[in-house]
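Chain letters run A, B, ... following the sequence lines, proteins first, then strands; residues in each count from 1. Predicted model, so just to flag it, every value in this text is computed and none were measured.
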Amino acid sequence: MTTDPAVRVRFSPSPTGHPHIGMMRTCLFNWAFARHHGGQLVFRIEDTDAARDSEESYQELLEALRWLGMDWDEGPELGGSYGPYRQSERSEIYADVVAKLRAAGHVYEAYSTNEEVEARHRAAGRDPKLGYDNFDRQLTESQRAAYQGEGREAVLRLRMPDQDISWVDMVRGDVTFPAGSVPDPVLVRANGKPLYTLTNPVDDAMMRITHIMRGEDLLPSTPPRQIGLYRALADIGVATVMPTYGHLPLVRGEGNKKLSKRDEQTNLWYYRERGFVPEGLINYLALLGWSIGPDRDVFSPAELTAAFDGTGISPNPARFDEKKAEAINAQHIRLLSVDDLASRLRTHLTAAGLTYDPAVLAAATPAGRRADRHPVRCRHDAQLPFRQRRGRGTGPGGGREEPRH
RNA sequence: GCUCCCAUCGUCCAGAGGCCUAGGACGCCGCCCUUUCAAGGCGGUAACACGGGUUCGAAUCCCGUUGGGAGUACCA
């Protein structure tokens, strides 16, 4: 395999639930990396789990990226030369790859149930929770026929290479998994539908992805399996470029745990509703595992992409600190022009079902920008003049509109 | 259990062997400014997990311990 000098990265979420703040951070790093290097960002939807994926969620993902101002070069709604970009539309491609893998002997049919695997571990005196034991690798024709005779349906598993698997991680340096520590993964379900374990590496290979930056939560299982599969894909001519991996530190919530989907703080819209501006949120997110330079933490998206070359990413997990996020956001708000802020305020006023008077808004905005942490609070300021006019006869802006900027 | 990852103030980041009596930011605590709340100014609080090496010299390199996290699905 060769190393392709042009940078091609991807953002490949599954459309389940609302846009997750951790996911957005992952996308941000990929976006910044692509923009910095003048490369391409491929936006791909991994919707191979019909039971969990939803159209609403997909639409929210699009809206999320647009709101944050992260543009992509290939993807749904846009096209590109490696499409389609929704995995649910790529069935024939996967079927073709599977046929080749099968012909080359890289995959095999497995009939074992989890119970049978555990029973075998127990019988051999091993920990029953060890995972799949690669038992079906050496099934004979007659054994296979017997299982089929019972009406069992097989999953397709990848024959993992019998060597240590190691790679140089962009964030962590050398990482090695000993041979035999990762069981043969299932690539295709018994019902014939491909799994993420197959589609993700296949698409990365076929879309010529050069760098894979994603969350650390995927580190223990995914890279070994993917590298194993990549070798097989190279063998059958599907993969030409071995991507470089970079595993980004986890974003944690208030506890010490990874941000959980049930926590409202993981939902991107939570921040938008609370008055975060995209610039502010992006700035804060970038601070989680990275820094633009010594003793500096306020910067624009443009400054981010100019500086973000993929080096210097911290390997340790970061806690999402809402207070600091708000503080960074507030600095961005103060950087906004009065007109700009006023127009953004309008959205919030309208969303809150409040009427607004342009004159009042114009008067309150400078004060709001000067003082408040986010537009939601400015909104209260914008209402203030009404109260004051009634109660104390003070003019719009409460006398605070003196031009101090 | 097994595999992998991580380890500097409460939190995030700086520090890539001597510049460190460890710096910035958020938070917190004072004071100043201010009709309120903010914002702003000034000051303060607070950390290199532990133990061994290597070295003239270690927050920085190596090993171990401890602690934390993640994964261990026909989810992604």
Side-chain angles (χ1 to χ4, degrees), chain A residues 12-16 20 23 46-53 87 110 112-114 121 126-132 153-157 165-166 169 171-173 175-178 180-183 185-200 214-225 247 249-252 254-258 284-298 311-312 314-328 330-331 333-334 367-373 377-378 380-381 384 392 394 398-400 404-405:
Chain A
S12 53
S14 301
T16 62
H20 188 283
M23 266 267 125
E46 308 222 326
D47 51 352
T48 54
D49 188 351
R52 303 196 316 160
D53 302 326
Q87 294 188 330
S112 299
T113 64
N114 289 335
H121 281 312
R126 292 185 299 251
D127 185 336
K129 288 190 288 190
L130 235 35
Y132 183 62
E153 294 192 310
V155 296
L156 245 37
R157 286 185 185 267
I165 291 199
S166 53
D169 197 276
V171 179
R172 284 147 221 284
V175 182
T176 300
F177 285 76
S181 65
V182 181
V186 174
L187 260 31
V188 181
R189 295 178 167 96
N191 67 8
K193 301 275 192 209
L195 241 30
Y196 149 87
T197 44
L198 175 83
T199 61
N200 181 281
R214 45 144 69 138
E216 182 196 355
D217 50 332
L218 297 175
L219 203 160
S221 54
T222 311
R225 299 191 305 209
H247 287 87
L250 239 39
V251 177
R252 291 173 171 173
E254 280 312 310
N256 243 7
K257 306 286 187 210
K258 152 179 152 176
Y284 181 67
L285 252 19
L287 254 21
L288 262 22
W290 184 76
S291 73
I292 196 164
D295 303 342
R296 176 169 178 215
D297 55 15
V298 176
T311 65
S314 161
N316 42 336
R319 166 122 81 230
F320 192 100
D321 181 350
E322 224 175 306
K323 287 245 180 63
K324 178 148 183 178
E326 285 183 1
I328 296 287
Q331 303 227 40
I333 287 177
R334 279 175 226 122
R369 180 179 70 152
R370 189 168 66 240
D372 284 315
R373 317 211 102 184
R377 301 246 301 248
C378 295
H380 297 312
D381 275 9
L384 197 57
R392 286 189 275 157
T394 316
R400 300 193 302 180
R404 228 190 266 172
H405 282 275

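- Toward the 5′ end of RNA chain B lies the nearest nucleotide of A/Asp127, the other residue of the pair A/Asp127 and A/Leu250 mapping further downstream.
- Within the nucleic acid shown, A/Arg157 comes within 4.0 Å of sugar-phosphate atoms alone, with no base atom in reach, counting heavy atoms only.
- Of the listed nucleotides (B/C26, B/A76, B/G71), B/A76 has the atom at the smallest distance from the side chain of A/Ser14.
- Remark: the backbone N or O of A/Gly131 is paired with a side-chain donor or acceptor of A/His121 at under 3.5 angstrom.
- Base pairing analysis places B/C20 opposite nothing; no Watson-Crick or G-U wobble pair with both distances below 3.5 Å involves it.
- Pair assignment for B/G30 gives B/C42, based on Watson-Crick or G-U wobble hydrogen-bonding distances that are each under 3.5 Å.
- Backbone-only contact: A/Val175 has heavy atoms under 4.0 Å from sugar-phosphate atoms and none from a base.
- Geometric assessment of A/Arg252 against the ring of A/Phe320 yields a negative cation-pi assignment under the 6.0 Å and 45° thresholds.
- As the counterpart of B/A47, no nucleotide is assigned, since no Watson-Crick or G-U wobble pattern has both distances under 3.5 Å.
- Picking from B/G71, B/C6, B/U3 the nucleotide with the shortest atom distance to the side chain of A/Phe177 gives B/U3.
- The existence of a salt bridge linking A/Asp47 and A/Arg52 is excluded, since no basic side-chain nitrogen approaches an acidic carboxylate oxygen closer than 4.0 Å.
- Shown here, B/U36 forms no base pair; nothing in the strands shown gives a Watson-Crick or G-U wobble contact with both key distances under 3.5 Å.
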Pick out the pairs of N or O atoms, protein on one side and nucleotides 40-43 of chain B on the other, that lie under 3.5 Å.
none

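- Residue A/Lys257 places at least one side-chain N or O closer than 4.0 Å to OP1 or OP2 of B/G69.
- The listed nucleotides are B/C75, B/A70, B/C74; the one nearest the side chain of A/Pro220 is B/A70.
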Between the protein and nucleotides 8-15 of chain B, list the N/O to N/O atom pairs that are separated by less than 3.5 angstrom.
from  : atom 1 : to       : atom 2 : distance (Å)
B/U8  : OP2    : A/Asn316 : ND2    : 3.2
B/C12 : OP1    : A/Arg319 : N      : 3.3
B/C12 : O2'    : A/Leu287 : O      : 3.0
B/C12 : O2     : A/Lys324 : NZ     : 3.4
B/C13 : OP1    : A/Gly289 : N      : 3.4
B/C13 : O2'    : A/Ser291 : OG     : 3.4

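- Judged purely by atom type and a 3.5 angstrom limit, A/Arg172 uses its side chain to pair as donor or acceptor with the backbone of A/His247.
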